There are 2 protein chains.
Amino acid sequence: MFKKVLIAEDHESTNISVRKTLEDLGIANKEFRYYCDDALKLIEIAFGQEDSFDLLITDLSFEEDKNIQKIAGGRELIKAARQLQPGLKVVVFSLENSIPVVDDLFENIGIDAYVRKARYDAVDLKRAIEAVFQNKKYRSADLMQNKRIENSYDFKAFDVEIITLLCNGTPQKNIPAYLQQNNIKPSGLSSVEKRLNSIKTALNISNNEQLIAYCKDKKII
Amino acid sequence: MFKKVLIAEDHESTNISVRKTLEDLGIANKEFRYYCDDALKLIEIAFGQEDSFDLLITDLSFEEDKNIQKIAGGRELIKAARQLQPGLKVVVFSLENSIPVVDDLFENIGIDAYVRKARYDAVDLKRAIEAVFQNKKYRSADLMQNKRIENSYDFKAFDVEIITLLCNGTPQKNIPAYLQQNNIKPSGLSSVEKRLNSIKTALNISNNEQLIAYCKDKKII
DNA sequence: TGATTGATTACGGATTCCCGTAAGAATCAA
DNA sequence: TTGATTCTTACGGGAATCCGTAATCAATCA
């Protein structure tokens, strides 16, 4: 089993139970940090002393507080850690349940496992750690399949941009001016209208208000 | 200290660390359930055997899965439990960080403590339990701030009604018809327009999209 | 080069929304 | 009942939107 594990997790209660899970797996040598910067520092120190960690278990989102952090979240933490120590195994343990976000972590960051905080997350985490120790990849069962249920729509950056503008109170007719100022590719009012229309058609949504509600519910904005 | 405590929390990892917190407080007689229905059933059984719980620690949101539940969330669970056993002490332990939501729990449900899942939530929870045991109310420090600081608006049932209709895709001009069908007091289109306008003016909001975003963020709908 | 295709934009009419004004109910007091 | 106040509704002009059509632009390829 892993010899030395670091937990990066801001919630104390979650932190505690992850430690307990590690104990159940017989891992005695473990550290935990509540902030990303602290976690990275520890990784660097251990690496410098040639006593490096061989597993990092980290959350994705860390709440901001008075302690201003250079590293804002788990994704950046993993990137920084891997830059120093490319062989470091990484298990992400987070509430995030968006498939694209998880896909990104596997494809672009090369994480070894993703465990979603959910009903049976402790046993799930245990399984993940065991799988990673055997050089396997792991992801929680309910994030395996493409959740392409029914009418779905793949929101592009442009879509998010214009919807965000609407949410900030920008009138639709003023959006082109903003887009031009920021050198965003299609900037015509017609393009904005067309895009909004195709989104609404794809999702069977009838007005802008319903669209905003949908995006808020799905955490798209 | 409390003699018998029930934990209603769907996340296994959180559940584990709440149990550990109770152990630290010297509470040996504790039960835990992952579903609201199971939790209520246990409360009923214990009450029937005259061995009732004297503290309930519960989450607010429970994820839906194959196990269809009659009781969907913590708020309903507390209401049902209190109906049976009015003296039951209740500590809510949740991610929710919206002040109005927490205010509602204290004012309309009469919970005894609210602990937000955050960085130092384990010690926070411990403090809350100790406070409640001394018949005090408790809420996490970062949720203390006075309710009506900024420009705020007191949403009435009517406001929520029409905003909800918009979110369901109802065109504004069709809202009067719906209101008449349901015998809701002002039903004229002008009244709807005026009301939306006064809300937006009060909150310094410029269009319906921004209003929906605001209401979603504040959990008004 | 010239042609084709697709994306972007411009335009215009129909609809809806916004908002001020005034007319119409309802409530209450004198 | 009368008058006053408030709430509700009706109306209308101007603005914004929706949406289809057509023109323009960009890129690729024969």
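Quick caveat, the model's predicted, so the values are computed rather than measured. Chain A is the first sequence line, chain B the second, and so forth, proteins listed ahead of strands; every chain is numbered from 1.
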Novice: Starting the side chain at C-beta, find the nucleotide from C:dC17, D:dT8, C:dT9 nearest to B:Ser191.
Specialist: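 Looking only at heavy atoms from C-beta outward on B:Ser191, the closest nucleotide is D:dT8.
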Novice: What verdict does the salt bridge (Lys or Arg N to Asp or Glu O under 4.0 Å) test give for B:Lys156 and B:Asp154, after you've listed the backbone C-alpha separation in whole Å, the side-chain angles of each residue and the deciding distance to 0.1 Å?
Specialist: CA-CA 6 Å; B:Lys156 310 289 185 193; B:Asp154 182 23; 3.1 Å; yes
Novice: Can any side-chain N or O of B:Arg82 pair as donor or acceptor with the backbone N or O of B:Leu88 at less than 3.5 Å?
Specialist: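 Such a contact is found between B:Arg82 side chain and B:Leu88 backbone.
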Novice: How long is the line joining CD1 of A:Ile162 and C1' of C:dT8, in whole Å?
Specialist: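 Atom-to-atom, A:Ile162 to C:dT8, this comes out as 14 Å.
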Novice: Under the side chain to side chain contact (heavy atoms under 4.5 Å, CB included) test against A:Val18, which residue among A:Val5, A:Ile7, A:Val115, A:Asp121 passes?
Specialist: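 Of the listed options, the one satisfying the test is A:Ile7.
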Novice: Just the rounded figure in Å: distance from C1' of D:dA16 to CD1 of A:Ile175.
Specialist: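 Atom CD1 in A:Ile175 sits about 12 Å away from atom C1' in D:dA16.
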Novice: From NZ of B:Lys185 over to P of C:dT27, roughly how many Å is that when rounded to an integer?
Specialist: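 So the two atoms are 13 Å apart, to the nearest Å.
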Novice: Classify the side chain of A:Glu193 versus the base of D:dC19 as yes if they form a donor-acceptor pair under 3.5 Å and no if they do not.
Specialist: yes
Novice: Looking only at side-chain N and O atoms, does A:Lys200 come under 4.0 Å of OP1 or OP2 in D:dC18?
Specialist: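 Checking D:dC18 against A:Lys200, a side-chain N or O does come within under 4.0 Å of OP1 or OP2.
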Novice: Within this structure, what is the CZ-to-C1' distance between A:Arg195 and D:dC18, rounded to whole angstrom?
Specialist: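 To the nearest whole Å, that distance equals 17 Å.
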Novice: Using whole Å, what does the distance between atom P of nucleotide C:dT15 and atom CG of B:Leu189 come to?
Specialist: 17 Å
Novice: Are B:Lys216 and B:Ile221 close enough, and set up right, to give a side chain to side chain contact (heavy atoms under 4.5 Å, CB included), and what steps lead you there?
Specialist: CA-CA 6 Å; B:Lys216 281 287 179 185; B:Ile221 49 172; 4.1 Å; yes
Novice: Ignoring backbone atoms, establish whether B:Asn197 has a side-chain N or O less than 4.0 Å from OP1 or OP2 of C:dC19.
Specialist: yes
Novice: Validate the cation-pi geometry between A:Lys89 and A:Phe133: distance from NZ or CZ to the six-membered ring centre under 6.0 Å, angle to the ring axis within 45°.
Specialist: no
Novice: Given atom CZ of A:Phe158 and atom P of C:dA7, what is their separation to the nearest angstrom?
Specialist: 14 Å
Novice: Does a side-chain N or O of A:Asn208 approach OP1 or OP2 of D:dC18 to a distance below 4.0 Å, or not?
Specialist: yes
Novice: For B:Ile184 and D:dT9, give me the distance from atom CD1 to atom C1', rounded to whole Å.
Specialist: 17 Å
Novice: I want to check one thing: is the phosphate of C:dA10, taken as OP1 and OP2, less than 4.0 Å away from some side-chain N or O of A:Ser190?
Specialist: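 For C:dA10, neither OP1 nor OP2 has a side-chain N or O of A:Ser190 closer than 4.0 Å.
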Novice: Identify whether any heavy atom of B:Gln172 sits under 4.0 Å from a base atom; if not, whether one sits that close to sugar-phosphate; answer base, sugar-phosphate or nothing.
Specialist: sugar-phosphate
Novice: Rounded to whole Å, how long is the line connecting atom NZ of A:Lys173 with atom P of C:dC17?
Specialist: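 Rounding to the nearest Å, NZ of A:Lys173 and P of C:dC17 are 18 Å apart.
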